[in-house]
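In what follows, a structure is listed as structure tokens, so that the remarks can point back to it.
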Amino acid sequence: MKFSYSKLSQYILTIFILAIILLSFIFYTLSKLNTNEDVLTQLEDGLIITKNLLDEQQRYALSLSILLAQDKEIISSFKEKNRLKSFDIVNEKLKLLKDIQNSKVDVQIHNKDLTTYIRNWDINKKDIPLESFRQGLVQVYKTKKPLVSIELGKRLNIKAISPIVSKDQMIGSIETIVGFEHLTQQIKQRGFELYVLLDKKYLNIATNLVKNPTLENYVLVNKNNINNLKDLTLSSLNDFGYISNNNMLFSYFSYYDLKQKKLGYILVGIKNKHNIKLNNSFKYTYNKQNNTKVDIQ
């Protein structure tokens, strides 16, 4: 009888231990699933925030270019071809803008023949032909309508171009240029890190970026620590998705020029505190009826 009781006790103890192990495993699995879900939600939020702020920057650049293209002082000095006067007027307005909004904007004015009239950062640059590599500028001169996009030049920026019109004739255009520094800071204030990557094959155009840090076939456009991207397999990236290394977790999306040619990727990152492995990539497809993007796996 004692033997049977002892055997029963051992049996119950074994079941109890196994139950504890099973419950611990279930709890661990559920906890990990919840952690992964929370991380994906956070990364998705970062992606949405970045796209919204990027759209906001583009709207801001476009609104500013339209306003400057209608400025009577700028138009008057431009028609006079008084470059020094135009230079001073533009920089005075940009200084006022920076004092009010603390925003860094550059301005370039173009002649009707698609050459440089003035650049606010360098009075000596003039008559530089732009038609061969500035898609947005060519499109504005064809359509006579304002345009904003992420565009390649000697740098990669948000560029908004508006026609300068006098007596119903387009006599030139004005361009506002916004870099990614302000966007980088806005994203950082929200707890994320931003990395704007450009395919290195475009460095023959974006010559001001040739000394920037590189990783695989990409150059880092904005100021950030490229070591945080170490060990990422950038060649495996698709149109959008999630990826990770030992230090960081990222959501990402691709960006394109006006001819829908892929230029590179924008990554939004957070610290990888739980050593989570992510490598989920997705493609865009196009609805040919209305020319809109549809997300598919």
Side-chain angles (χ1 to χ4, degrees), residues 25 27-55 57 150 152 155-158 179-203 206 208-256 261-284 293 295-297:
F25 176 75
F27 177 78
Y28 170 78
T29 302
L30 290 174
S31 176
K32 193 168 183 179
L33 286 172
N34 286 334
T35 299
N36 287 359
E37 189 175 332
D38 289 344
V39 163
L40 286 175
T41 299
Q42 191 175 357
L43 288 173
E44 190 171 329
D45 288 345
L47 204 62
I48 293 169
I49 289 169
T50 301
K51 287 186 174 182
N52 287 341
L53 288 173
L54 185 58
D55 287 343
Q57 289 273 287
I150 296 175
L152 271 175
R155 299 174 285 173
L156 180 80
N157 305 97
I158 297 168
F180 292 100
E181 292 78 14
H182 186 58
L183 181 62
T184 301
Q185 290 303 315
Q186 284 182 304
I187 296 299
K188 194 176 186 68
Q189 288 169 6
R190 288 161 173 79
F192 299 93
E193 295 288 337
L194 184 75
Y195 303 85
V196 181
L197 300 179
L198 173 69
D199 195 311
K200 288 200 296 187
K201 67 184 179 184
Y202 297 113
L203 285 177
N208 284 6
L209 301 178
V210 293
K211 293 183 179 179
N212 281 28
T214 60
L215 183 66
E216 292 186 17
N217 292 324
Y218 294 91
V219 58
L220 183 63
V221 175
N222 62 320
K223 291 180 181 178
N224 214 326
N225 186 1
I226 199 168
N227 290 329
N228 288 332
L229 307 181
K230 187 179 178 181
D231 298 326
L232 291 182
T233 307
L234 299 179
S235 59
S236 70
L237 300 186
N238 226 313
D239 288 326
F240 66 102
Y242 308 95
I243 196 168
S244 67
N245 58 22
N246 291 332
N247 297 320
M248 301 282 289
L249 297 157
F250 301 93
S251 52
Y252 70 88
F253 61 94
S254 50
Y255 63 96
Y256 300 77
K261 186 184 297 182
K262 186 185 289 186
L263 297 177
Y265 293 95
I266 294 178
L267 284 73
V268 187
I270 56 174
K271 293 293 183 183
N272 193 356
K273 298 177 182 179
H274 303 284
N275 197 28
I276 295 171
K277 304 296 182 184
L278 290 177
N279 191 8
N280 309 94
S281 62
F282 307 89
K283 289 183 178 180
Y284 292 129
K293 286 180 181 178
D295 298 344
I296 63 168
Q297 187 165 354

Please walk me through it: do L183 and N222 pass side chain to side chain contact (heavy atoms under 4.5 Å, CB included)? CA-CA 9 Å; L183 181 62; N222 62 320; over 6 Å; no
Carefully, step by step, assess N279 and S236 under the rule side chain to side chain contact (heavy atoms under 4.5 Å, CB included). CA-CA 9 Å; N279 191 8; S236 70; 4.1 Å; yes
Name the residue from N245, N246, N272 that meets the side chain to side chain donor-acceptor pair (under 3.5 Å) definition with K277. N246
May I ask you to establish whether K200 and Y218 are in a cation-pi arrangement, using a distance under 6.0 Å from NZ or CZ to the six-membered ring centre and at most 45° from the ring axis? no
Quick one: sort the F250 and Y195 rings into parallel, tilted or perpendicular, breaks at 30° and 60°. perpendicular
Decide yes or no for [X] and [Y]: does some side-chain heavy atom of the first lie under 4.5 Å from some side-chain heavy atom of the second?
| X | Y | value |
| --- | --- | --- |
| L156 | Y255 | yes |
| L267 | L197 | yes |
| S251 | E44 | no |
| P213 | N225 | no |
| N224 | V196 | no |
| L232 | L237 | no |
| F180 | R155 | no |

Decide, yes or no, whether a salt bridge links R190 with D45 under the criterion of side-chain N to carboxylate O below 4.0 Å. no
Short N-O contact, K188 and E193, less than 4.0 angstrom: yes
Starting from the C-alpha separation in whole Å, work towards a yes-or-no answer on side chain to side chain contact (heavy atoms under 4.5 Å, CB included) for L263 and D199. CA-CA 6 Å; L263 297 177; D199 195 311; over 6 Å; no
Got a second to check how far [X]'s [atom1] is from [Y]'s [atom2], nearest 0.5 Å?
| X | Y | atom1 | atom2 | answer |
| --- | --- | --- | --- | --- |
| T214 | I226 | OG1 | CD1 | 6.0 Å |
| K223 | T184 | NZ | OG1 | 10.0 Å |
| Q57 | N157 | CD | CG | 11.0 Å |
| Q189 | L53 | CD | CG | 10.0 Å |
| I243 | L43 | CD1 | CG | 12.0 Å |
| K261 | L152 | NZ | CG | 9.5 Å |

Stepwise side chain to side chain contact (heavy atoms under 4.5 Å, CB included) check, V39 with L249: CA-CA 8 Å; V39 163; L249 297 157; 3.4 Å; yes
Can you name the nearest heavy-atom pair linking [X] to [Y], along with the distance?
| X | Y | result |
| --- | --- | --- |
| I270 | G191 | CG2-O, 3.9 Å |
| F240 | K283 | CE2-O, 3.8 Å |
| Y256 | D239 | OH-OD1, 2.8 Å |
| L215 | L229 | CD2-O, 3.4 Å |
| N212 | L220 | ND2-O, 2.8 Å |
| V219 | L209 | CG2-O, 3.6 Å |

With no hydrogens and no angle check, is any side-chain donor or acceptor of S281 less than 3.5 Å from a backbone partner on G241? no
Counting only heavy atoms from other residues, nucleotides and ligands, does the tally under 6.0 Å from NZ of K262 exceed 12? yes
Should we say atom NZ of K51 is surrounded by more than 12 heavy atoms from elsewhere, each under 6.0 Å from it? yes
Paired with Y252, the ring pair (Phe, Tyr, Trp, His ring centres under 6.0 Å) test is passed by just one of Y265, Y242, F282, namely Y265
